[in-house]
Every structure is written in C-alpha cells, then in structure tokens.
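Excluded from the calculations below are hydrogen atoms, water molecules and symmetry mates; all remaining heavy atoms, backbone and side chain alike, are included. All residue numbers refer to positions in the sequence shown, counting from 1. All figures in this text were calculated on a predicted structure; none of them were measured in a lab.
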Amino acid sequence: MDQNTRNIDMEQVVPLEEVVGELEESLLQARLNSIKQAALRIATFCTDAGKISESRRDLPSLGFRFYSSTEYFSVPPQLTGEWHDLSLSSWDVLEDSLVERFDSVLAAVQRTKPGDSLVGRKSQAAALGKVLEEVSALYSWDRPALHSPVKKGRKAEHKLGNSVVVVTRLPGDLTEFGQFLGVGARRKKPTVREVVDSFTSKRVKSQFTGELNIALHVLDTGKEDGGERAEMVHLFNRALKELRGGVMPLSSLSTLYSTKMEAANGCSTLVCSSRSVQRMPSSAVIQSHLAEAVVPSKMLDKSYMRGEIKVGEGVVGLEFANCGVEFCDLQSRGFIRSTFFKPGQKWKQSLTAWSD
C-alpha cells in the first residue's frame with residue numbers, strides 16, 4: 001500500500017491568463033473537475049480493490065497541500081502534515097478544500113485590472129523547492145507499521161509507495177523555462193542536472209533517495225502541443241527519474257480534460273468492458289508511467305525509441321524497446337483487459353509500449 005501527498009499549484013490549476021480572459025465558466029469548472037478526477041484515479045489505483053473477497057483491505061494514506069508557484073497568492077501557513085486514510089469523508093475534505101481555494105483564486109484574479117502582472121516575486125523553481133522541503137519535513141513518512149500502509153503491506157504490493165505528486169504546469173519552451181528559474185529568457189537548452197538542481201536541495205535529495213525512498217511525480221496541467229513543449233516535458237521526465245518519478249500528463253488521466261474524440265466509422269474496434277475506445281484506461285497509464293520511472297535515462301536514450309500511434313482520431317505518443325518494429329503505419333483498435341483471451345490462448349506476437 002502507499003502514502004502520498006498532492007501538492008496543488010493554485011496558479012496552474014487553470015492558468016491565470018485564461019481566468020482573466022473570456023474563458024467560459026463551464027470550461028473553468030471542467031478544468032477543475034479534471035484535476036479532481038485525475039487525483040481520484042491515482043488514489044484508487046493505490047488501493048487493493050481487487051481483494052474484494054478478503055475480510056481485511058488496506059487503503060492508502062493521502063495528504064494534500066496548496067501553494068502558489070510564484071507566490072502571487074497568499075496561502076495560509078500549513079505548519080503540519082496530516083495523513084488521511086482514503087475514504088468518502090476524507091475525499092470530501094480534499095474536494096471541498098480544492099473548490100474553496102479555487103473560488104478564492106477566481107475572485108482575486110477577476111478583481112485585477114487589465115494589464116496587471118499576474119506573476120509574483122518568487123521563481124517557480126524556488127517555490128517548488130520550498131514545497132518539497134516542507135513536505136519532506138512536516139509529514140511523518142517513517143510512521144510505525146501500525147499506522148503506515150507502506151510498512152503494513154509487502155513491497156510487491158506497493159503501487160506508488162512513498163510519493164509526492166505535484167500538480168502544476170511545466171514550462172513549454174526555453175523562454176518559460178527561464179521564467180521557471182527566474183533568470184529571464186534563455187537560448188541554451190538546459191541539461192537534466194540543471195533541471196534537477198533547480199528545485200531540489202541536498203536535504204531534499206537525501207530525504208527522497210535515502211531510507212524513506214520517496215518518489216516525485218508531476219501531474220502536468222499544460223496542453224499537449226507537441227514540438228518544443230514536448231521536448232521540455234521529456235526533459236523534466238528524465239530529470240524526475242533522479243527521484244524515481246516522472247511526468248504524467250493530466251490529459252491522459254482525465255476524460256474531462258478535453259472534448260471527446262470519436263473513433264473512425266470504419267474502425268472495427270476491440271473494446272474493454274468500459275466500452276471506451278478513445279483513450280487508455282487510467283490504470284494502464286499509471287502502470288506504464290511507473291514502469292518507465294525505474295528505467296535510467298541513459299538506458300532510455302540507448303535502448304528505447306519514441307513513436308506515435310493513432311487512437312481514434314487522436315494520436316498517442318509511445319515509448320518502446322528498440323526491436324525494429326515501426327509504429328508509423330499502425331492504428332490502435334482499442335484497449336482490452338489481460339483476461340480477454342481464454343486460458344491457453346495468447347497473442348501471436350506482442351510488444352510492450354507505454355505512453356509518455
């Protein structure tokens with residue numbers, strides 16, 4: 001079982017420039033609901049819901065905090081780290097707190113005058129570093145086995161284990177990365193080491209990579225525009241491997257993030273029990289993310305390839321072992337459960353791939 005915290009950047013749940021613009025209220029709520037849906041799917045992935053027949057079931061412990069990535073907003077001091085066992089009541093507490101914070105952000109931004117700066121004095125990297133310092137210090141990660149879901153279960157039963165999930169929007173290009181660092185525009189592409197060092201102190205690294213073994217994941221709320229943004233996200237994904245984590249796009253975990261895609265009429269599609277052919281099941285997305293997180297960056301560069309595959313009318317980016325298979329002419333026919341075949345049946349040929 002697992003214990004993990006959600007650290008939500010209130011400046012990037014919905015980018016402030018979109019709030020100031022004429023974005024429909026229904027779309028603002030959809031973006032907020034997409035955050036809640038993705039967070040809930042990560043939480044339920046960490047449960048042992050498959051053990052329905054057992055008399056005892058262990059559930060993950062959750063923590064949540066809010067921060068302002070440039071300190072544009074004043075966030076009340078959070079001096080303690082409190083764990084909540086996953087339940088309907090504890091989820092209601094998280095959901096109510098998120099809605100309350102979101103409403104206060106909307107009210108504050110909508111009072112601003114045209115042309116007012118929506119950026120605080122702190123760099124995003126410094127603010128994230130402060131959050132990680134607080135999370136590692138204030139939460140009791142090494143609780144006694146009686147209270148720790150990580151120590152209760154066997155290591156093989158861990159999903160995310162001890163982990164920190166940061167909900168924010170990553171930089172989309174070199175200019176935004178310069179703003180992330182607080183140094184202005186850049187021309188030179190940053191290195192993985194530079195990215196890691198920008199938001200992790202020696203103390204944080206020792207806490208995360210030591211006996212506590214805490215992983216750091218980012219739930220990226222940015223839009224998937226490809227090009228330079230995709231390269232920046234890939235760079236952060238490689239950097240987070242230093243802390244046993246990576247980047248999860250919000251759009252891959254929430255059906256509310258974007259409008260529904262329709263499959264091609266002529267496509268005879270295999271479907272899972274949910275009848276959804278437009279996207280990967282969230283459990284498969286998280287499993288593939290965790291499978292990639294443990295692969296060293298150098299091995300990825302040397303032994304793995306990146307490609308794309310059509311899913312309905314959309315395109316999903318994939319990574320897979322370098323084995324001579326070309327994905328460019330393939331089209332997904334949907335997603336099925338591992339129990340699709342009867343006992344004794346199997347695929348004639350298979351290749352493991354995961355989404356970025």
Taking Thr70 for its side chain and Gly120 for its backbone only, find out whether a donor-acceptor pair lies under 3.5 Å.
yes
How far apart are the closest heavy atoms of Gly246 and Leu240, and which atoms are they?
O-CD1, 3.4 Å
Does a side-chain heavy-atom distance below 4.5 Å link Leu290 with His217?
yes
Check: Ile42 and His289 side chains under 4.5 Å, non-hydrogen atoms
no
Glu82: what forms a side chain to side chain contact (heavy atoms under 4.5 Å, CB included) with it, not counting sequence neighbours?
His84
Just by modelled atom types, is the Ala137 backbone N or O under 3.5 Å from a matching donor or acceptor in the Gln207 side chain?
no
Main chain of Arg121, side chain of Glu71: is a donor-acceptor contact present, judged purely on distance under 3.5 Å?
no
Asn162 vs Asn213 side-chain heavy atoms within contact, under 4.5 Å:
no
Decide yes or no for Leu253 and Ser34: does some side-chain heavy atom of the first lie under 4.5 Å from some side-chain heavy atom of the second?
no
Starting at CG of Leu170, measure out to CZ of Phe180 and round the result to the nearest 0.5 Å.
7.5 Å
ring-ring contact (aromatic ring centres under 6.0 Å, His included): which pairs involve residues 117-139, sequence neighbours left out?
Trp83-Tyr139
If you take all heavy atoms of Thr5 and Asn7, which pair is closest and at what distance?
OG1-ND2, 3.0 Å
Has the side chain of Arg244 got a donor or acceptor atom that lies under 3.5 Å from a matching backbone atom of Phe208?
no
Evaluate the criterion side chain to side chain donor-acceptor pair (under 3.5 Å) for residue pair Gln37 and Ser254; output intermediate values, then yes/no.
CA-CA 6 Å; Gln37 185 184 55; Ser254 174; 2.7 Å; yes
Taking the side chain as every heavy atom from C-beta outward, state whether Ser68 and Arg101 have any atom pair closer than 4.5 Å.
no
Quick check: is Phe199 connected to Leu138 through a chain of hydrophobic side chains (ILVMFWY, heavy atoms under 4.5 Å apart)?
no
Mark yes or no for whether Asp9, through its side chain, and Ser69, through its backbone, hold a donor-acceptor pair below 3.5 Å.
yes
Looking at every non-hydrogen atom in both residues, tell me the closest pair between Pro60 and Ala43 and how far apart they are.
CG-O, 3.8 Å
Phe177 CZ to Leu235 CG distance, which is reported to the nearest 0.5 Å
6.5 Å
Which heavy atom of Leu250 sits nearest a heavy atom of Ala38, and at what distance?
CD1-CB, 3.6 Å
So how far is it from Phe64 CZ to Ile8 CD1, rounded to the nearest 0.5 Å?
8.5 Å
How long is the gap from CG on Leu62 to OG on Ser90, to the nearest 0.5 Å?
6.0 Å
Does the distance from a Lys or Arg side-chain N to an Asp or Glu carboxylate O, for Glu11 and Arg169, drop under 4.0 Å?
no
How long is the span from the CZ atom in Arg6 to the OG atom in Ser163, to the nearest 0.5 Å?
7.0 Å
Please set out all donor-acceptor pairs under 3.5 angstrom arising from side-chain atoms of residues 123-135, sequence neighbours excluded.
residue	atom	partner	partner atom	Å
Ser123	OG	Ala126	N	3.1
Glu133	OE1	Arg203	NH1	3.2
Glu133	OE2	Ser201	OG	2.5
Glu134	OE1	Arg65	NH2	3.2

Ser252 and Pro249: which non-hydrogen atoms are nearest, and at how many Å?
OG-O, 2.7 Å
Could you go through the side-chain contact (heavy atoms from CB on, under 4.5 Å) check for Lys241 and Val192 one step at a time?
CA-CA 10 Å; Lys241 286 179 175 294; Val192 170; over 6 Å; no
Any heavy-atom pair between the side chains of Arg31 and Thr221 that's under 4.5 Å?
yes
Glu194 CD: over 12 foreign heavy atoms closer than 6.0 Å:
yes
Does Gln287 form a side-chain contact (heavy atoms from CB on, under 4.5 Å) with Phe45? I'd like the steps, not just the answer.
CA-CA 9 Å; Gln287 285 174 339; Phe45 174 80; 3.5 Å; yes
Report yes if some heavy atom in the side chain of Lys205 is under 4.5 Å from a heavy atom in the side chain of Val196; otherwise report no.
yes
Are the side chains of Val164 and Trp141 in touch, meaning some heavy atoms are under 4.5 Å apart?
yes
Hey, could you give me the CG/CG distance between Asp103 and Leu98, rounded to the nearest 0.5 Å?
9.5 Å
